[in-house]
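Reminder, nothing fancy here: chain letters follow the sequence lines and each chain counts from 1.
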2 protein chains.
Amino acid sequence: MKRSKNRKEEIYAVSAKLFRKRGYVASTMRDIAELVGIEPSSLYSHIKSKEEILIKICMTCAQEFDDGMVRVIQSNKGIHQKIEDLIDLHLDIALNKPSSVTVFNDEWKHLPEKELNEFMVIRSEYASNFKEILMIGIKKGEIVSMSESTAFQLIINSVKWLHFYVKKLSEAELREKRKEIKQFIIRGLFL
Amino acid sequence: MKRSKNRKEEIYAVSAKLFRKRGYVASTMRDIAELVGIEPSSLYSHIKSKEEILIKICMTCAQEFDDGMVRVIQSNKGIHQKIEDLIDLHLDIALNKPSSVTVFNDEWKHLPEKELNEFMVIRSEYASNFKEILMIGIKKGEIVSMSESTAFQLIINSVKWLHFYVKKLSEAELREKRKEIKQFIIRGLFL
DNA sequence: CCTACCGATCGGTAGG
DNA sequence: CCTACCGATCGGTAGG
């Protein structure tokens with residue numbers, strides 16, 4: 001049972017890396033099996049289907065973003081600090097699970113219909129919450145006057161690339177880049 | 001001959017849209033044929049292979065970026081204006097060919113080995129040219145002190161999402177968002 | 001541009 | 001977790 005659970009986790013981890021590198025569709029169960037070190041059919045003792053792996057990766061990531069958003073909303077901090085916390089949330093998740101985040105960002109469109117619909121609902125609710133915070137900042141005059149939809153896209157895309165450098169850079173270099181990203185967003189957004 | 005050339009262009013256009021929507025690997029020759037309105041095997045009267053379509057889309061896009069970069073480098077403008085021109089270059093290409101740009105951004109990893117190597121060389125040369133301009137601005141003190149590699153990523157990722165809104169927004173709304181993106185980058189980057 | 005077709009590979013199952 | 005296997009689908013070809 002414990003052995004089996006470890007195997008399952010191993011399959012998810014190996015798959016996330018493979019999906020990141022080759023994409024979900026081009027990654028085969030045979031590839032995954034080889035990386036895990038078992039026969040392809042043996043994968044099905046631990047998981048139900050290839051789709052289940054993608055679902056698990058995407059939904060786990062979505063949950064982490066959602067949990068972080070709840071924490072930010074429930075905090076009694078000001079708009080500026082809330083935005084900084086959200087930037088840190090994205091950066092933390094991306095640097096802790098670079099492969100999962102890439103799959104979450106780029107492969108979610110291959111989710112089966114039911115889970116795809118759920119995923120898109122979660123995403124759009126997350127975006128609404130984020131934009132709500134931005135809108136307050138804009139109305140208050142703390143943030144540059146612009147569409148909150150644009151501000152949202154600018155923030156999330158400014159943090160959407162650092163995870164590709166996890167393997168290439170040292171801890172110190174990553175910390176430095178984090179700082180530069182945050183300063184760039186704050187400078188561009190706040191008055 | 002002219003009919004055939006139009007067909008070829010039609011195949012490329014239809015494929016770019018399909019690749020954008022479903023991804024390259026999940027798009028089949030049968031899907032493309034159906035969208036064009038011919039039998040799958042008939043595609044091969046106009047193109048050599050599925051890979052050829054991807055190569056054409058990616059390399060055409062790469063060429064457009066490269067041409068734009070040459071124009072900017074050869075201009076006698078200051079650093080600030082060169083950066084603005086490069087932002088406009090990215091935005092122009094993205095808004096004129098939203099499907100191709102998405103394929104160029106997300107599907108290039110599926111290029112066959114030879115073209116993949118060529119593509120990565122072109123990309124890294126483009127990045128070097130871009131970072132060279134940024135470095136001069138940083139040294140001169142016109143740009144906030146930061147790694148030029150970070151500055152490069154921040155700029156290209158700030159403009160990497162507008163093309164997803166081409167179908168949803170009006171011309172006027174797109175122009176407004178362009179302005180907001182440019183102001184955000186300039187504010188975040190320049191002193 | 002079509003009809004007819006093929007070898008390769010895919011995700012997954014049966015049975016142990 | 002393995003051996004053996006299968007139906008479906010893929011990119012592509014032959015020949016007209």
Side-chain angles (χ1 to χ4, degrees), chain A residues 1-59 103 107-116, chain B residues 1-59 103 107-116:
Chain A
M1 193 105 159
K2 195 176 179 184
R3 175 79 160 280
S4 179
K5 203 186 172 186
N6 289 344
R7 264 295 197 229
K8 200 165 179 174
E9 292 306 316
E10 190 188 353
I11 291 169
Y12 289 141
V14 156
S15 299
K17 283 183 197 171
L18 189 65
F19 292 173
R20 171 195 183 157
K21 192 179 169 190
R22 289 210 221 290
Y24 172 72
V25 184
S27 300
T28 72
M29 296 305 273
R30 284 157 178 85
D31 294 331
I32 297 170
E34 199 180 346
L35 288 168
V36 174
I38 60 179
E39 293 299 314
S41 62
S42 301
L43 289 170
Y44 294 91
S45 300
H46 306 98
I47 51 122
K48 217 177 79 241
S49 64
K50 187 186 174 187
E51 284 178 342
E52 188 194 276
I53 304 176
L54 181 65
I55 294 168
K56 173 74 176 196
I57 296 170
C58 288
M59 292 306 181
V103 174
E107 307 296 329
W108 60 270
K109 64 181 162 208
H110 298 112
L111 285 167
E113 203 188 340
K114 181 191 148 209
E115 285 79 8
L116 180 61
Chain B
M1 194 103 158
K2 195 177 180 183
R3 173 79 159 280
S4 180
K5 204 186 172 186
N6 289 345
R7 264 296 196 226
K8 201 166 179 173
E9 293 305 317
E10 189 188 355
I11 291 168
Y12 289 140
V14 156
S15 299
K17 283 183 198 172
L18 189 65
F19 292 172
R20 172 194 184 159
K21 192 179 169 188
R22 289 209 221 290
Y24 172 72
V25 183
S27 300
T28 71
M29 296 305 273
R30 284 159 178 83
D31 293 330
I32 297 170
E34 198 179 347
L35 288 168
V36 174
I38 59 179
E39 292 300 313
S41 62
S42 302
L43 290 170
Y44 295 92
S45 300
H46 306 97
I47 51 123
K48 215 177 81 242
S49 64
K50 187 186 174 187
E51 285 178 341
E52 187 193 278
I53 304 176
L54 181 64
I55 294 168
K56 173 73 176 197
I57 295 170
C58 289
M59 292 306 181
V103 174
E107 307 295 330
W108 60 270
K109 63 181 163 207
H110 298 112
L111 286 166
E113 204 187 340
K114 181 191 148 209
E115 286 80 7
L116 180 61

Query - Phosphate OP1/OP2 of C/dC2 contacted by B/Ser42 side-chain N/O (<4.0 Å) - result: yes
Query - Euclidean distance, atom CG of residue B/Asn6 to atom P of C/dC1 [Å, nearest integer] - result: 11 Å
Query - Residue pair A/Trp108 / A/Met59, side-chain heavy-atom distance below 4.5 Å - result: no
For residues 18-26 of chain A, run the donor-acceptor check on the side chains, cut-off 3.5 Å, and write out each pair with its distance to 0.1 Å, sequence neighbours left out.
residue	atom	partner	partner atom	Å
A/Tyr24	OH	A/Glu51	N	3.3

Query - Partner residues of A/Lys17 under the side chain to side chain contact (heavy atoms under 4.5 Å, CB included) criterion, sequence neighbours left out - result: A/Ser99
Report task. Identify the two heavy atoms, one from A/Leu54 and one from A/Leu111, that lie closest to each other, and give their separation to 0.1 Å. Result -> CD2-N, 3.6 Å
Query raised in the report: How does protein contact run along nucleotides 9-14 of chain C, one letter per nucleotide 5' to 3', with B for base contact, S for sugar-phosphate only, - for none, heavy atoms under 4.0 Å?
Result: -BBBB-
**Report entry** Protein-nucleotide distance (B/Glu39, atom CD; C/dC2, atom P), rounded to Å
**Finding:** 5 Å
Report task. Please name all residues satisfying side chain to side chain donor-acceptor pair (under 3.5 Å) with A/Glu10, sequence neighbours left out, ordered by chain then number. Result -> A/Arg7
**Report entry** Residues that A/Glu115 engages under side chain to side chain donor-acceptor pair (under 3.5 Å), provided they are two or more places apart
**Finding:** none
Cut-off 3.5 Å, no hydrogens considered: what does the side-chain donor-acceptor table look like for residues 32-43 of chain B, sequence neighbours left out?
none

Query raised in the report: What's the shortest heavy-atom distance between B/Ile11 and B/Ser15, and which atoms?
Result: O-OG, 2.6 Å
Query raised in the report: How large an angle, rounded to 10°, do the end axes of the helix from C/dC1-D/dG16 to C/dG16-D/dC1 enclose when each is built from five base pairs?
Result: 0°
